[in-house]
Amino acid sequence: MNARYGSARTPALESGWRIMSLLPPLRQQLDYFYRHLPSRPGRLLDVGCGNGVFLLRAKAAGWDVVGLEPDPAAVAAARECGSDVRQGTLESSVVTGPFNVITAAHVIEHVHQPQLFLKRIFDLLAKDGHVWIATPNVQGMGHRWFGRAWRGLEPPRHMVLFSRKALRKLLEDAGFREITFLRRGRGSFYVLHASHEAALKEGRKKFKLPAPAVDLAASIFASTGEEWVVRAKKP
């Protein structure tokens, strides 16, 4: 994290980045924690920032950060940590651009009009800026195995879930280019465990999908993870 994202975490091994390069699922999990940020810091907006944990992580790596969150309790918690967090949504226009990076982790599946959501993000980005999105992968191994018990469905809170084709099309229609689906690596345990528990409550005897195997697959193929992780550029 220090070598790749400019953080200053301690204690740190000088050769630690070499060790991480040999452990793709764990390395990609750490990339996810930093949302694949560019090496040169700039201005960042996190949409749906919650209690601001990622904002602190990005700020420590040199980014000028702003958070946007509709939950007043989460906003208060984030502000106590010294983060610039505005209460509201993209539609309420309480932030002004331009931003070099806009991130939205597990937000787009909650909005009624995802196409307008992405267009608003596009408008707030600077030229050559990029958006980073994480959202449940309806084509992943968990949904294929657990079906309606899959934790990622989460009705009625999740309004819409995406196939790879649909998410790419939405981004293209909003004006984005250089759309890249990134490998998730480690991080499937919670969703798979919760899905297994839900299946048991329904009386369906499903064996657990082994999280390490799913994580390994997700470190090779972006389409096999429990989340889509996608980055796209504003030309």
Side-chain angles (χ1 to χ4, degrees), residues 1 4-5 7 9 20 23-37 46-58 67 69-71 73-74 77-78 81 103-111 114 131-164 166-167 181-231:
M1 289 186 286
R4 194 172 178 88
Y5 294 103
S7 64
R9 293 178 176 240
M20 280 295 118
L23 302 169
L26 184 55
R27 175 174 56 80
Q28 289 160 1
Q29 180 188 27
L30 298 180
D31 287 339
Y32 179 90
F33 284 169
Y34 275 90
R35 301 187 183 178
H36 302 83
L37 289 173
D46 185 22
V47 180
C49 68
N51 62 7
V53 170
F54 171 67
L55 293 177
L56 293 177
R57 199 175 292 153
E69 171 60 45
D71 181 352
C81 296
T103 65
H106 290 270
V107 177
I108 194 170
E109 64 270 21
H110 294 273
V111 304
V131 63
W132 181 100
I133 291 171
T135 189
N137 176 11
V138 76
Q139 293 178 296
M141 297 171 70
H143 186 222
R144 292 177 185 274
W145 179 248
F146 291 108
R148 68 182 187 184
W150 181 54
R151 179 65 174 79
L153 293 177
E154 204 173 325
R157 295 178 67 246
H158 289 176
M159 303 292 180
V160 60
L161 297 176
F162 304 93
S163 66
R164 185 186 190 121
L167 189 51
F181 286 83
L182 303 163
R183 291 170 289 180
R184 174 64 171 90
R186 185 169 176 261
S188 68
F189 175 81
Y190 169 72
V191 173
L192 296 179
H193 176 75
S195 301
H196 181 253
E197 293 294 311
L200 291 178
K201 287 180 181 179
E202 290 184 348
R204 299 162 58 202
K205 294 184 178 180
K206 286 277 190 178
F207 69 78
K208 284 186 178 181
L209 283 178
V214 174
D215 291 342
L216 181 59
S219 72
I220 302 171
F221 306 105
S223 59
T224 59
E226 292 304 289
E227 300 167 77
W228 290 123
V229 182
V230 61
R231 182 174 56 198

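What you see is a predicted model, and the numbers here were worked out from it, not measured in a lab. Every heavy atom of this structure was used, including side-chain atoms; hydrogens, water molecules and symmetry mates were not. Index from 1, following the sequence.
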Not counting sequence neighbours, which residues clear side-chain contact (heavy atoms from CB on, under 4.5 Å) with [X]? List them please.
{"X": "Leu56", "answer": "Cys81, Ser83"}
{"X": "Pro25", "answer": "Arg186, Leu216, Ser219"}
{"X": "His106", "answer": "Tyr32, Glu109, Ala134, Pro136, Glu227"}
{"X": "Tyr5", "answer": "Asp31, Tyr34, Leu37"}

Close side-chain approach of Val111 and Pro114, heavy atoms under 4.5 Å: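 Yes, side chains in contact.
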Side-chain heavy atoms of Leu161 within contact of Trp150, under 4.5 Å: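 Yes, side chains in contact.
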From CD (Gln28) to CD1 (Ile220), nearest 0.5 Å: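 Here the interatomic distance stands at 9.0 Å.
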Contacts of type side-chain hydrogen bond (donor to acceptor under 3.5 Å, both in side chains), residue [X], not counting sequence neighbours:
{"X": "Arg183", "result": "none"}
{"X": "Glu202", "result": "Arg148, Arg204"}
{"X": "Glu69", "result": "none"}
{"X": "Trp132", "result": "His36"}

Residues forming a salt bridge (Lys or Arg N to Asp or Glu O under 4.0 Å) with Arg144, sequence neighbours excluded: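 Counting only residues at least two positions away or on another chain, Arg144 forms no salt bridge (Lys or Arg N to Asp or Glu O under 4.0 Å).
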Sequence-distant partners of His196, ring pair (Phe, Tyr, Trp, His ring centres under 6.0 Å), two or more places apart: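 With sequence neighbours excluded, His196 shows a ring pair (Phe, Tyr, Trp, His ring centres under 6.0 Å) to no residue whatsoever.
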Pairing residues for Phe181 by the ring pair (Phe, Tyr, Trp, His ring centres under 6.0 Å) criterion, not counting sequence neighbours: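 Per chain and number, Phe181 pairs via ring pair (Phe, Tyr, Trp, His ring centres under 6.0 Å) with Trp228.
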Pairs satisfying salt bridge (charged side-chain N to carboxylate O under 4.0 Å, His left out), at least one member in residues 213-224, at least two apart: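 Counting only pairs at least two positions apart or across chains, no salt bridge (charged side-chain N to carboxylate O under 4.0 Å, His left out) contact touches residues 213-224.
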